[in-house]
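Comments concern the structure below.
In the text below, chain A, chain B and the rest are named by the order of the sequence lines, each starting its count at 1.
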There are 2 protein chains.
Amino acid sequence: MAELVAGYLRRDGYEVHLAFDGPTGVASAREVDPDVIVLDLGLPGLDGVEVCRRVRTFSDCYVVMLTARTDEIDTLIGLSVGADDYVTKPFRPRELMARITAMQRRPRRAATATVAGSVADETVPPILVGPLRIDLVGREVELDGDPVGLTRTEFDVLAALARRPLAVLTRRQLIEAVWGERWVGDEHLVDVHVLHVRQKLGDTADAQRFVRTVRGVGYRMGTGE
Amino acid sequence: MAELVAGYLRRDGYEVHLAFDGPTGVASAREVDPDVIVLDLGLPGLDGVEVCRRVRTFSDCYVVMLTARTDEIDTLIGLSVGADDYVTKPFRPRELMARITAMQRRPRRAATATVAGSVADETVPPILVGPLRIDLVGREVELDGDPVGLTRTEFDVLAALARRPLAVLTRRQLIEAVWGERWVGDEHLVDVHVLHVRQKLGDTADAQRFVRTVRGVGYRMGTGE
DNA sequence: GGGTCCGATCAAGATTCGATGAAGACCCAG
DNA sequence: CTGGGTCTTCATCGAATCTTGATCGGACCC
């Protein structure tokens, strides 16, 4: 099961770490500081709920829980386990992937937990790509220290790419990341926004420093130069 | 039950301490000096009313009481227990959270009960944003040292932005911060208050020194100029 | 070498979004 | 109860932005 999910994730460009019991999982999470954790309930050693709690003590990463029964989800929510999404087994891998992608569109919990009266720490660091700094919280982009004025969609496109710097994202994936799932229209739309991003970042079709074209597939983040 | 509530609180970023009987609760309250106490009537050892009274002897924190019956509330109020809010069981956790959040928006009893000239320690420093000083405790705003007369809502909007100076807040987040969770209405309400704040702060749509528009997303605090 | 596919680019219309003013509802103090 | 201040809704305008369609040129395949 884990291998199956891992395969799908890798295919989408994720770097995957596997752990086959709770304590190992927690240790691994602490070590690699992942963006997303897919957590199967019924792990040996520690149960999934406890794993989630422990992870939450040091990480704000997204957590998806795989559960066997639908009604179990309510219980979990009631327990305030703190997962970001729940998927019941059996599931179609494609659906899991879709939800993982969609999840990352949501603001991180640290960014939303605006407890009255307390100044929440800005625990979400900006993404650094060479001379490019992308602040997801403030929605600001700086190139060599100079602010770049991107529109909402342009920023979202760039952010979607920057979130997974090594992966090639298809147009469809980008559309899903920026506009959401229920989309019908022209995939070519992405091209235009990529064009605009490139123009504002000083990229051209020839010199693609940041947004690189992968012909026949999609776009990929470049590390600059 | 306590775990359930604790879970919800933690999810919203609160640090939670649990106590399973009255005396322990009082001792714990004395020790950690909490912002909020959620108090279930029918505790063993001391009844909730007595716990509340004792806590009140040394703390001005907010107290929410969980009661079993509606008509009990009237009795409690009659007893002048001094709780800040009452919630009947069974309750939906979401509602409890909403009321806890809302409660803290109200001025603290210490702040209102300004009886005999005793000034509470100002443990909450004002927020400084360039030439702007925002005093959350006194609910005062100064620009270049001159006081600015903001209304309640205007102040709340500005304060919500100032609490997270680097983040872009959506209209929905602002509404949640200012008005509370269960809101149905026009999000453009925020615009109007932002407009008023800007006017009083000398900002215009063009020169946005303090409250900046992030088109398509929301508003963000500016650092002045 | 020629054809086809794909992506880049441009321009224009459609759409969304935010600022603003005004009017009514509401609340609180006197 | 009355008046002033405040909050909320509503409608409008103008501009920023999105989206589409067409065209162009290069890359890839045969």
Side-chain angles (χ1 to χ4, degrees), chain A residues 139 141 148-158 160-161 168-175 177-180 182-220 222, chain B residues 102 105-107 112 139 141 148-161 168-175 177-180 182-220 222:
Chain A
R139 299 186 63 87
V141 175
V148 180
L150 295 183
T151 69
R152 170 171 55 136
T153 309
E154 288 160 11
F155 181 88
D156 287 340
V157 168
L158 180 63
L161 288 167
V168 178
L169 298 184
T170 65
R171 290 182 172 70
R172 185 148 296 281
Q173 285 178 311
L174 281 170
I175 283 175
V178 174
W179 286 271
R182 16 180 183 168
W183 167 262
V184 280
D186 195 355
E187 291 194 353
H188 159 68
L189 169 60
V190 175
D191 299 17
V192 180
H193 289 288
V194 166
L195 171 68
H196 292 157
V197 171
R198 278 178 174 160
Q199 286 175 341
K200 293 186 178 178
L201 258 43
D203 273 22
T204 65
D206 299 324
Q208 302 178 350
R209 289 189 300 166
F210 302 112
V211 183
R212 299 193 172 161
T213 305
V214 180
R215 192 179 174 83
V217 185
Y219 296 96
R220 179 172 77 79
Chain B
R105 210 174 306 126
R106 300 210 299 263
T112 47
R139 299 184 63 85
V141 175
V148 180
L150 295 183
T151 69
R152 172 167 52 111
T153 309
E154 287 159 11
F155 180 87
D156 287 341
V157 169
L158 181 63
L161 288 168
V168 177
L169 299 185
T170 64
R171 290 184 172 69
R172 187 147 296 282
Q173 286 178 308
L174 282 169
I175 283 175
V178 175
W179 286 272
R182 8 176 194 175
W183 169 264
V184 280
D186 194 355
E187 292 195 352
H188 281 301
L189 169 59
V190 175
D191 299 19
V192 180
H193 290 287
V194 166
L195 173 69
H196 293 156
V197 171
R198 278 177 175 159
Q199 286 174 342
K200 294 185 178 178
L201 258 42
D203 272 22
T204 66
D206 299 323
Q208 302 178 350
R209 289 189 299 166
F210 302 113
V211 183
R212 298 191 172 161
T213 305
V214 181
R215 187 168 236 273
V217 185
Y219 296 97
R220 205 193 82 207

I need the NE2-P distance between A:H188 and C:dT9, as an integer number of Å.
12 Å
Given B:R215 and A:R152, is the side-chain contact (heavy atoms from CB on, under 4.5 Å) satisfied, shown in steps?
CA-CA 7 Å; B:R215 187 168 236 273; A:R152 170 171 55 136; over 6 Å; no
Locate the shortest heavy-atom distance separating B:L174 from B:W179; write the atom from each residue and the value.
O-CE3, 4.3 Å
Using atom CD of A:Q199 as one end and atom C1' of C:dA11 as the other, report the distance to the nearest whole Å.
13 Å
Closest nucleotide among D:dC7, C:dG21, C:dC10 to the B:E154 side chain
D:dC7
Whole angstroms only, please: what is the CZ-C1' distance between A:R152 and D:dT19?
13 Å
Would one find a side-chain N or O of A:W179 under 4.0 angstrom from OP1 or OP2 of D:dC18?
no
Are B:D191 and B:R171 ion-paired here, with the side-chain N under 4.0 Å from a carboxylate O?
yes
Answer yes or no: does a side-chain N or O of A:T204 lie under 4.0 Å from OP1 or OP2 of C:dA8?
no
Can you figure out which of C:dG18, C:dC17, C:dA8 approaches the side chain of B:T213 most closely?
C:dG18
Return whichever of A:H196 or B:H196 has its heavy-atom-nearest nucleotide of DNA chain D closer to the 5' end.
B:H196
So, OP1 or OP2 of C:dA8: does either fall under 4.0 Å of a side-chain N or O from A:Y219?
yes
At under 4.0 Å between heavy atoms, what does A:V192 touch on the DNA or RNA strands: base, sugar-phosphate, or nothing?
base
Could you state the atom-to-atom distance from CZ of A:R139 to P of D:dT17 in whole Å?
12 Å
Is A:R171 close enough to C:dG7 that one of its side-chain N or O atoms is under 4.0 Å from OP1 or OP2 there?
yes
Rounded to the nearest angstrom, tell me the gap between atom CZ in B:F155 and atom P in D:dG5.
22 Å
Using whole Å, report how far NZ of A:K200 lies from C1' of D:dT17.
9 Å
Which atom names give the shortest non-hydrogen contact between A:I175 and A:E187, and what distance separates them?
CD1-CA, 3.9 Å
In this structure, how many angstroms lie between the P atom of C:dC17 and the CG atom of B:D186, rounded?
13 Å
Taking 4.0 Å as the cut-off, does a side-chain nitrogen or oxygen of A:H193 come that near to OP1 or OP2 on D:dT19?
yes
Can you check the B:L195 CG to C:dT20 P distance for me, whole Å?
5 Å
Taking the side chain of A:L189 as its heavy atoms from C-beta onward, which of C:dA19, D:dT19, C:dA8 lies nearest to it?
D:dT19
Locate the shortest heavy-atom distance separating B:V197 from B:E154; write the atom from each residue and the value.
CG2-O, 3.6 Å
Does a nitrogen or oxygen in the side chain of B:R215 sit under 4.0 Å from OP1 or OP2 of C:dT16?
no
May I ask you to say what B:E187 touches in the nucleic acid, namely base, sugar-phosphate or nothing, with a heavy-atom cut-off under 4.0 Å?
nothing
Among D:dC7, D:dC18, C:dA19, the one nearest any side-chain atom of A:T153 is D:dC18
Give a yes-or-no answer on whether the side chains of A:T213 and A:R198 include a donor-acceptor pair shorter than 3.5 Å.
yes
D:dC7 OP1/OP2 closer than 4.0 Å to side-chain N/O of B:T151
yes
Just to confirm, is there a sub-4.0 Å distance from OP1 or OP2 of C:dG7 to any side-chain nitrogen or oxygen of A:Q208?
no
